[in-house]
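Index from 1, following the sequence.
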Amino acid sequence: MKKGKILQRVLWALILLYGAFCIYLYYKQTFHVEGMPYESDLPYHISMAVDDHWFYSLTAILYQLFFLTPFGNCLTALFLGCVTVGTIGVTYCLFQVILKRIGCVDIPQPLILLFSFLCNIAMPFYVRAAHYQRYIGYQSASIWHNSTYICMKFCGILVLILYLNLEEKYRTGLSVREWLLLAGAFVLVNAIKPSFSMVFAPVMALYLLVDLFRKVPFVRIFLFGLTVIPSLLVILWQNLVLFGDETGNGIEICFGYTLTLHGTHPKVSLLLSVAFPVFVLVFLWKELFRDKWYLFSWMVWGVAFLQFIFLTENGTRSRDGNFMWGYSFGIFLILIWSVVKLLELLKSPKGIFRHKYVRIPFAAAAFSILAYQSYCGIIFWVNLCRGLTYWI
């Protein structure tokens, strides 16, 4: 236990060091200069909020407040750095909640923290023959150049933790405090970026429909489902801002446009982007029928994938690929649950995996894929810190 605590402190020290470099990276990104070293969406988000007073995200209000002081760049960088480190922390909490639900309560805490970090830096399984750029042309759950996604990811994990904690309890009735807490969390994440609810809410609705067929009282289902409604009003307001008549922007169906927007071999890069979760799924596909939360993660990914494949924006935003943000969060979810399924397999092997000569090579291969994807993320992040564009 003493060694475990020491190892956990070492990991937290490394995570805080990572956070410090992220603050440096975000600080550099706040400046919009010719040639775009430290290229990012951040200076545009700041300019829209501070100079143009045009915004659809809660982060814009924060930028306005930060830049009322002489330290706007520093405060912005510090805020985003804290959110980045906080995302690893809430991912750690999410792992704890999931592992407790499936009975894996004795997994070493440093190992859980390590996986929390890896899932937040893992990027696509980079193969140069598939596409010459490490990020553009692939799809990634780890992103450092878009501040609204960074904040949405943090809040989305909080919503997920609340949802998992209340999903069973709602059948016997939620307190007013619990209902307001979940509804407020949905409002918060949507006020930052609507991408999370666009991929999460449809799956939540489907699970509530299944509960209806399982004879859960309709009133309970209805009240639990109402937690999403206030956040939908936020999305309606955002749509008016983004797609009003004067903007010239809109949404249209265009199959495969976002996927092929920058990809050399989009089908291959699509698979490589989810290499680790797909590898686990190929061998553990039966778990989709045994574990409703593993199925839940893949369904969120599936809804995000359909939106990503079929929908696109037109007008000035047509080449931004903004439907990719929800898909990126979907990839993050299947990363998390794939790690959980592997840990569960090692803890309580079933079927052919009872044989260690099958179980150990499979787990080693799976974790090797995750390790390589994390290595790809580190390489990409280091290059960003050096000032290179995210088009590398």
Side-chain angles (χ1 to χ4, degrees), residues 22-84 135-136 143-156 187-198 230-252 258 261-262 311-326 328-329 384 387 389-391:
C22 282
I23 292 173
Y24 167 80
L25 171 64
Y26 299 140
Y27 176 75
K28 289 292 189 177
Q29 288 178 349
T30 59
F31 297 97
H32 191 177
V33 295
E34 188 176 354
M36 291 297 287
Y38 297 96
E39 185 175 6
S40 163
D41 296 337
L42 185 56
Y44 298 107
H45 292 168
I46 293 173
S47 176
M48 284 190 296
V50 177
D51 300 328
D52 302 332
H53 303 286
W54 183 88
F55 60 88
Y56 73 95
S57 172
L58 183 61
T59 56
I61 298 177
L62 294 176
Y63 300 151
Q64 286 182 326
L65 293 175
F66 292 157
F67 279 86
L68 289 175
T69 75
F71 313 106
N73 300 84
C74 295
L75 291 174
T76 299
L78 181 62
F79 166 70
L80 292 175
C82 290
V83 171
T84 301
Y135 167 63
I136 303 297
I143 294 162
W144 292 272
H145 73 275
N146 186 276
S147 61
T148 52
Y149 176 82
I150 292 169
C151 297
M152 181 206 75
K153 186 178 180 181
F154 172 80
C155 293
V187 169
L188 177 62
V189 71
N190 276 6
I192 293 170
K193 204 176 190 70
S195 306
F196 170 82
S197 291
M198 289 175 62
S231 66
L232 297 182
L233 299 178
V234 175
I235 293 180
L236 289 176
W237 169 75
Q238 290 170 328
N239 282 341
L240 289 176
V241 174
L242 292 173
F243 305 115
D245 293 336
E246 70 280 3
T247 65
N249 299 321
I251 298 174
E252 63 181 1
T258 304
L261 191 58
H262 301 292
L311 299 179
T312 188
E313 295 176 340
N314 53 32
T316 59
R317 297 164 59 89
S318 64
R319 296 187 61 81
D320 292 346
N322 286 312
F323 279 98
M324 190 181 292
W325 302 122
S328 292
F329 192 85
L384 290 182
T389 172
Y390 58 81
W391 291 77

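- Here NZ of Lys28 is found 14.0 Å from OG of Ser40. Values are rounded to the nearest 0.5 Å.
- Under the side-chain hydrogen bond (donor to acceptor under 3.5 Å, both in side chains) criterion, Tyr135 pairs with no residue at all, not counting sequence neighbours.
- The closest side-chain heavy-atom distance from Phe66 to Leu78 is not below 4.5 Å.
- Tyr38 and Gln29 get closest at one heavy-atom pair: O-CG, 3.5 Å.
- Between Leu58 and Leu188 the shortest heavy-atom distance is CD2-CD1, 3.6 Å.
- In this structure, Asp52 has no side-chain hydrogen bond (donor to acceptor under 3.5 Å, both in side chains) partners at least two apart in sequence or on a different chain.
- Within the 4.5 Å cutoff, the side chain of Cys151 has heavy atoms near those of the Leu80 side chain.
- Rounded to the nearest 0.5 Å, atoms CE (Met48) and OG (Ser57) are 9.0 Å apart.
- Separating the CG atom in Leu42 from the OG1 atom in Thr76 is a distance of 6.5 Å, to the nearest 0.5 Å.
- Remark: Tyr390 engages His145 in a ring-ring contact (aromatic ring centres under 6.0 Å, His included) (not counting sequence neighbours).
- Every residue meeting the ring-ring contact (aromatic ring centres under 6.0 Å, His included) condition with Tyr27, not counting sequence neighbours, appears here in chain and number order: Phe31.
- Note that OG1 of Thr258 is 7.5 Å distant from CZ of Phe323, once rounded to the nearest 0.5 Å.
- Considering all non-hydrogen atoms of both residues, Tyr63 and Ala49 come closest at CB-CB, 4.4 Å.
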Less than 3.5 Å apart, which donor and acceptor atoms pair up between the side chains of residues 189-197 and the rest of the protein, not counting sequence neighbours?
unit_1	atom_1	unit_2	atom_2	d
Asn190	OD1	Ser197	OG	2.6
Asn190	ND2	Ser197	OG	3.4
Asn190	ND2	Ser231	O	3.0
Asn190	ND2	Ser231	OG	3.3
Lys193	NZ	Thr148	OG1	2.7

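- Taking Gln64 as the reference, His53 meet the side-chain hydrogen bond (donor to acceptor under 3.5 Å, both in side chains) condition, with sequence neighbours excluded.
- Of the inter-residue distances, the one linking Met324 atom CE with Ile143 atom CD1 reads 8.0 Å to the nearest 0.5 angstrom.
- Side-chain contact between Ile150 and Phe154: absent, with no pair of heavy atoms (C-beta onward) separated by less than 4.5 Å.
- Closest approach of Gly156 and Phe329 over heavy atoms only: C-CZ, 4.0 Å.
- Residue Thr59 holds its OG1 atom at 9.5 Å from CD1 of Ile46, rounded to the nearest 0.5 Å.
- In this structure Tyr26 satisfies the side-chain hydrogen bond (donor to acceptor under 3.5 Å, both in side chains) test together with Thr84, sequence neighbours excluded.
- In terms of heavy atoms, Asn73 sits closest to Thr30 at ND2-OG1, 2.9 Å.
- The aromatic rings of Tyr149 and Trp325 are tilted relative to each other, their planes meeting at an angle between 30° and 60°.
- Every residue two or more places apart in sequence or in another chain that forms a side chain to side chain contact (heavy atoms under 4.5 Å, CB included) with Leu233 is listed here: Leu236.
- Among residues two or more places apart in sequence or in another chain, the side chain to side chain contact (heavy atoms under 4.5 Å, CB included) test is passed with Leu68 by Leu65.
- Heavy-atom minimum distance, His45 versus Ser147: ND1-OG, 3.1 Å.
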